[in-house]
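Below you will find the structure I want to go over with you.
Below, read A as the first sequence line, B as the second, and so on, with proteins coming before strands; counting in each chain starts at 1. Values below: every heavy atom of this structure, side chains too, minus hydrogens, waters and symmetry copies.
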2 protein chains.
Amino acid sequence: MPSQATEDYLKHIFQLTLENPHQLVSMGDLAESMEVVPGTATSMVKKLHRDKLVHYEAYSGVKLTSKGRKTALRVLRRHRLVETLLVETFGLDWAEVHEDAERLEHAISDKLMERIDSFLGHPLTDPHGDPIPASDGEMPTTKIHRLVDGVAGDKVTITRILDQEQAFLRFIDERGLRPGTTVRIEQTDDVGDAMTVRPSRRQPVTMGRAAARKLLVEPAG
Amino acid sequence: MPSQATEDYLKHIFQLTLENPHQLVSMGDLAESMEVVPGTATSMVKKLHRDKLVHYEAYSGVKLTSKGRKTALRVLRRHRLVETLLVETFGLDWAEVHEDAERLEHAISDKLMERIDSFLGHPLTDPHGDPIPASDGEMPTTKIHRLVDGVAGDKVTITRILDQEQAFLRFIDERGLRPGTTVRIEQTDDVGDAMTVRPSRRQPVTMGRAAARKLLVEPAG
DNA sequence: GAGATTATTTTGACTCGTCAAAATATAGAG
DNA sequence: CTCTATATTTTGACGAGTCAAAATAATCTC
């Protein structure tokens with residue numbers, strides 16, 4: 001069994017890779033995301049490499065091996081099913097389930113997980129719009145479009161939020177950018193590193209590129 | 001927050017005290033119950049003592065302080081509510097829920113716990129007949145009778161099973177000794193350290209005193 | 001392309017929970 | 001009451017995961 005810490009590192013590497021698909025994950029980003037000092041990230045990544053869970057080359061960065069990805073997807077499956085359970089069954093709020101799910105994802109046996117999956121009726125996505133990997137570890141590979149890659153005039157539907165921080169989710173929520181919402185990209189500002197989008201019947205929202213990178217979309221009518 | 005290990009030690013001390021109410025818990029028993037070597041139990045108990053969670057005197061034994069008991073009861077509440085959830089809602093078997101519950105009990109916030117409690121309709125006992133402590137940490141103090149203290153001729157109803165090991169629960173299950181069952185004490189054998197009980201319409205069951213100590217009962221008709 | 005800045009890695013130290021085995025205390029037998 | 005068996009505690013070690021700070025590599029800036 002991988003330790004909790006191992007599962008967490010793999011999950012974070014997986015998620016960071018999603019935000020920037022064609023780059024290795026840097027120690028700095030990983031450390032920030034895990035909330036540890038960079039040296040800790042380096043030493044943990046070396047252990048993951050020793051266990052063949054990641055590819056790692058000093059000073060260049062890290063990415064998952066297929067073994068590592070498989071483990072990450074199992075963790076993600078548990079995380080997302082748990083979040084769905086907490087919201088749908090126990091009525092917790094969209095923005096506040098992350099912390100509980102964060103701990104519960106390491107404490108649930110495969111058998112229990114499958115029972116929960118049946119109980120929920122085999123949901124395909126969690127409350128944040130994230131797809132729930134299947135129990136064989138495979139994930140529905142829908143093509144991924146990032147809001148940040150859109151251009152002015154595009155109309156897109158928000159499908160997923162890649163950051164589960166309460167503060168970020170509240171930002172999204174308050175401005176009407178939940179999964180399912182369709183928005184028009186009003187303008188993009190290379191110099192200002194920002195873009196402005198307008199959800200229908202709502203105020204336009206301007207956000208930095210870093211934020212826009214965390215929203216996934218699909219083209220809308 | 002107490003660590004997982006701390007919560008586990010407190011819980012085990014609580015349970016061992018229940019089996020033998022008027023004695024301190026010995027390091028040997030605690031170590032066996034925690035499945036660690038005795039030295040580990042000693043050193044952990046010293047930390048619990050340092051944190052004012054237990055009373056401890058070298059070479060004599062250990063018992064909970066009121067602070068320790070409060071913590072133990074919170075863990076027990078989570079454990080028992082989780083077991084109830086797993087059996088009632090997710091349909092897991094009576095005998096197989098212990099391990100999952102063992103991990104989940106450390107991973108659930110107070111808020112989530114209260115939601116689960118409501119979802120389940122505020123149950124008073126878990127599937128093993130163990131009372132679920134209230135959220136304020138208090139437990140319905142019903143008078144405790146142990147099967148082992150009964151005498152031949154007594155008719156008693158089994159109310160609780162104090163051991164959650166799969167093997168023991170299967171033993172109980174197969175012989176028809178689940179909580180709720182009424183049995184007649186056929187004979188007690190001081191020398192053989194055994195007693196024989198007969199559940200209605202069933203074969204008599206002979207068990208050792210150590211086993212009989214783990215069954216709590218109440219006088220029946 | 002040389003020096004300054006930033007990122008990464010290394011080193012040494014620390015806590016937690018554990019074990020093995022040695023030292024010591026307690027309890028039991030005669 | 002002494003000797004032996006058993007229980008407990010102590011000691012030294014370990015792996016996991018972490019931090020602080022020093023050393024080193026990579027990257028920018030001019």
Side-chain angles (χ1 to χ4, degrees), chain A residues 1-13 16-17 19-20 23-63 68 71-72 75 102-103 105-107 193 210, chain B residues 1-13 16-17 19-20 22-64 68 71-72 75 102-103 105-107 193 210:
Chain A
M1 320 285 101
S3 70
Q4 243 174 256
T6 295
E7 291 189 346
D8 278 335
Y9 276 88
L10 294 174
K11 192 181 62 172
H12 278 87
I13 294 167
L16 290 169
T17 301
E19 280 182 41
N20 250 329
Q23 279 167 241
L24 298 178
V25 173
S26 74
M27 290 306 120
D29 288 355
L30 179 55
E32 188 185 343
S33 159
M34 287 292 302
E35 298 180 41
V36 297
V37 299
T40 301
T42 300
S43 74
M44 279 302 292
V45 163
K46 284 168 123 174
K47 284 182 196 157
L48 299 179
H49 183 240
R50 188 241 292 147
D51 298 341
K52 305 228 192 303
L53 292 163
V54 301
H55 297 292
Y56 166 67
E57 201 76 45
Y59 294 104
S60 78
V62 70
K63 72 175 198 185
T71 306
V75 180
E102 202 66 15
R103 290 193 307 276
E105 70 190 4
H106 306 293
D193 189 54
Chain B
M1 320 283 99
S3 70
Q4 256 181 240
T6 296
E7 290 188 347
D8 279 335
Y9 276 88
L10 294 175
K11 192 181 60 171
H12 279 87
I13 294 167
L16 290 169
T17 301
E19 280 182 43
N20 250 329
H22 297 298
Q23 278 168 243
L24 298 179
V25 174
S26 73
M27 291 305 120
D29 289 355
L30 179 56
E32 188 186 343
S33 158
M34 287 292 301
E35 298 180 41
V36 296
V37 299
T40 302
T42 300
S43 73
M44 279 302 292
V45 163
K46 284 168 122 174
K47 285 183 195 153
L48 299 178
H49 183 240
R50 189 238 296 144
D51 297 342
K52 305 226 191 304
L53 293 162
V54 301
H55 297 291
Y56 166 66
E57 201 76 46
Y59 295 104
S60 78
V62 70
K63 72 175 198 185
L64 297 177
T71 305
V75 180
E102 202 67 13
R103 290 192 308 277
E105 71 191 2
H106 305 294
D193 189 53

Separation of B:Y9 atom OH from C:dG17 atom P, in whole Å?
-> 8 Å

Could you give the start and end, 5' to 3', of the contact zone on DNA chain D for chain A, using atoms under 4.0 Å from its heavy atoms?
-> D:dG17 to D:dA26

For C:dC19, take OP1 and OP2 only and decide whether either is under 4.0 Å from a side-chain N or O of B:T40.
-> yes

Quick one: CG on A:D51 to OG1 on A:T6, what's the gap to the nearest 0.5 Å?
-> 7.0 Å

So how far is it from B:R103 CZ to A:R103 CZ, rounded to the nearest 0.5 Å?
-> 15.0 Å

Pairwise distance CG(A:N20) to CG(A:D29) - rounded to 0.5 angstrom = 8.0 Å

In chain order, what residues pass the side chain to side chain donor-acceptor pair (under 3.5 Å) check against A:H106, with sequence neighbours excluded?
-> A:E7, A:D8

Matching residue for B:Y9 among B:L30, B:V62, B:V54 - test: side chain to side chain contact (heavy atoms under 4.5 Å, CB included) | B:L30

To the nearest 0.5 Å, what is the distance between CZ (B:R50) and CE (B:M44)?
-> 9.0 Å

A:E32 atom CD, over 12 foreign heavy atoms within 6.0 Å | no

Grab the CE-P distance between B:M1 and C:dT15 for me, whole Å please.
-> 21 Å

Give one of base, sugar-phosphate or nothing for A:S43, where a contact means two heavy atoms less than 4.0 Å apart.
-> base

Do any N or O atoms of the protein come closer than 3.5 Å to N or O atoms of nucleotides 1-8 of chain C, and which pairs are they?
from, atom 1, to, atom 2, distance (Å)
C:dT8, OP2, A:G28, N, 2.7

Rounding to a whole Å, what distance do you find between B:L10:CG and C:dG17:P?
-> 11 Å

Where each residue is assigned the nucleotide of DNA chain D containing its nearest heavy atom, which of A:E35 and B:K46 is assigned the position nearer the 5′ end?
-> B:K46

Nearest 0.5 Å please: distance from the CG atom of A:L24 over to the CG atom of A:L16.
-> 12.0 Å

